[in-house]
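A quick write-up on the structure given underneath.
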Amino acid sequence: MKVIGVSGSPIKNSNSDRALKMALEATGLETEFIKLKDYTVAPCQACLGCVKTNRCVIEDDGIELAEKVKSADALIIAAFTPYSSLDSRTKAFLERLYALRHRHGFMMGKLGGAIITCAVPEENEMLPPAFDMGKNAIMFYMMEEGMEFAGAARVDGNVPCIKCGQDAECKISGLTMLYGEGATPESVGVNIFEEQTQAVEDVKSLGQKIGQMLREKKS
Ligand SMILES: Cc1cc2nc3c(=O)[nH]c(=O)nc-3n(C[C@H](O)[C@H](O)[C@H](O)COP(=O)(O)O)c2cc1C
């Protein structure tokens, strides 16, 4: 039994990456971690060239990734939420798995889970629901492909403005947008996954649940 973990976060060893690795470890099964930034994956061009072959006609890394996912039993995706929706690497990757759908439904019955890192604070109800937008995009992909969605975990990420160095003079700083007038990188602080008790618990539970469900399925 194998669980594939795919991270859409481009940042090296990011919160999303570390959370995903923790979830993979918690499954207790054989796993593989994939960082989409290390691959080239164009979005689906809706040509239907994959219908008869279950292989995309775009000759990039999307072919290899689809094969890896096809041979796995579960898929956990860690994504982030630029402009309050699913990041584009993760979206393109999911679109390319369309090749696995036709006639056979190769994703059917596989287990799935999502980890969403977002900068919008959970308690701020005035801002767009970034977590729900990211989670729903992954969950609906999995449901539409006949997978079993085991759940999602939320990780608090960091608005990029926290490290741009220009926030004091910026007319549209994300710090002000998220935390109000007068917010500074110092007053906001940096969100680190391992320091978020709830997120660590949720991520571990997600991994354990997927591991448990897979063992039950195969026994
Ligand atoms: C171009 C851009 C736009 C962003 N817009 C949002 C947003 O609208 N809502 C949000 O919650 N986070 C937003 N973020 C913040 C990311 O969700 C945040 O950087 C996240 O912590 C990245 O996760 P990582 O540290 O695991 O890479 C944005 C980030 C970028 C780069």
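In this text, all values refer to a predicted model and were calculated from it rather than measured experimentally. For ligands, and for the atoms within them, numbers begin at 1 and follow the listed sequence.
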* Taking Lys217 for the side chain and Gly109 for the main chain, is one N or O donor matched with an acceptor at less than 3.5 Å? -> yes
* Asked: With side chains defined as the heavy atoms from C-beta onward, is the minimum distance between Thr81 and Val120 less than 4.5 Å?
  -> no
* Asked: Can you list the ligand 1 atoms lying under 4.0 Å from a non-hydrogen atom of Ser16?
  -> 23 (O), 24 (P), 26 (O)
* To do: Return the option from Leu178, Asn13, Asn158 holding the heavy atom at the smallest distance from atom 21 (O) of ligand 1.
  => Asn158
* Looking only at protein heavy atoms, which one is nearest to atom 16 (C) of ligand 1, and how far off is it? -> Phe80 CD1, 3.6 Å
* How far is atom 13 (C) of ligand 1 from its nearest protein heavy atom, and which residue and atom name does that atom have? -> Thr81 O, 3.3 Å
* Would a distance-only check, ignoring hydrogens and angles, find a side-chain to backbone donor-acceptor pair under 3.5 Å from Asp87 to Phe80? -> yes
* Asked: Are the charged groups of Lys21 and Glu25 less than 4.0 angstrom apart, N to O?
  -> no
* Measure centre to centre between the rings of Tyr98 and His102, then say whether the value is under 6.0 Å. => yes
* Closer than 4.0 angstrom: is that true for some heavy atom of Val159 and an atom of ligand 1? -> no
* Relative to atom 4 (C) of ligand 1, which among Ala130, Pro82, Pro160 owns the nearest non-hydrogen atom? -> Pro82
* To do: Could you tell me which atoms of ligand 1, counted from 1 in the order shown, lie closer than 4.0 angstrom to a heavy atom of Val120?
  => 9 (N), 10 (C), 11 (O)
* Structure fact -> Check: of Ser14, Ser88, Cys161, min heavy-atom distance to atom 24 (P) of ligand 1 comes from Ser14
* Asked: Counting only N and O atoms by type, is there a donor-acceptor contact under 3.5 Å from the side chain of Asn15 to the main-chain atoms of Asn191?
  -> yes
* Asked: Closest non-hydrogen protein atom to atom 20 (C) of ligand 1, residue and atom name please, with distance?
  -> Thr117 CG2, 3.9 Å
* Asked: For atom 8 (O) of ligand 1, which candidate among Ser84, Ser9, Ser7, Ala119 holds the nearest heavy atom?
  -> Ser84
* To do: Heavy-atom contacts with Gly157 under 4.0 Å: which atoms of ligand 1 show up? List them by number with element.
  => 21 (O)
* Asked: Is Cys118 in polar range of ligand 1, meaning some N or O pair under 3.5 Å apart?
  -> no
* Backbone N or O of Lys70 within a donor-acceptor pair of the Lys110 side chain at under 3.5 Å? -> yes
* Should you measure from each heavy atom of Asn15, which atoms of ligand 1 turn up under 4.0 Å away? -> 25 (O), 26 (O)
* Asked: Just which atoms of ligand 1 are under 4.0 Å from any heavy atom in Ile11?
  -> 25 (O), 27 (O)
* **Residues Ser7 and Asp17: side-chain donor-acceptor under 3.5 angstrom** => yes
* N/O donor-acceptor pair under 3.5 Å between Asn54 side chain and His104 backbone -> no
* To do: Among all protein heavy atoms, pick out the one at the shortest distance from atom 5 (N) of ligand 1; state its residue, atom name and that distance to 0.1 Å.
  => Tyr83 N, 2.9 Å
* Taking side chain as C-beta onward, heavy atoms only, is Lys135 less than 4.5 Å from Arg154? -> no
* Please determine if Asp17 has a nitrogen or oxygen closer than 3.5 Å to a nitrogen or oxygen of ligand 1. => no
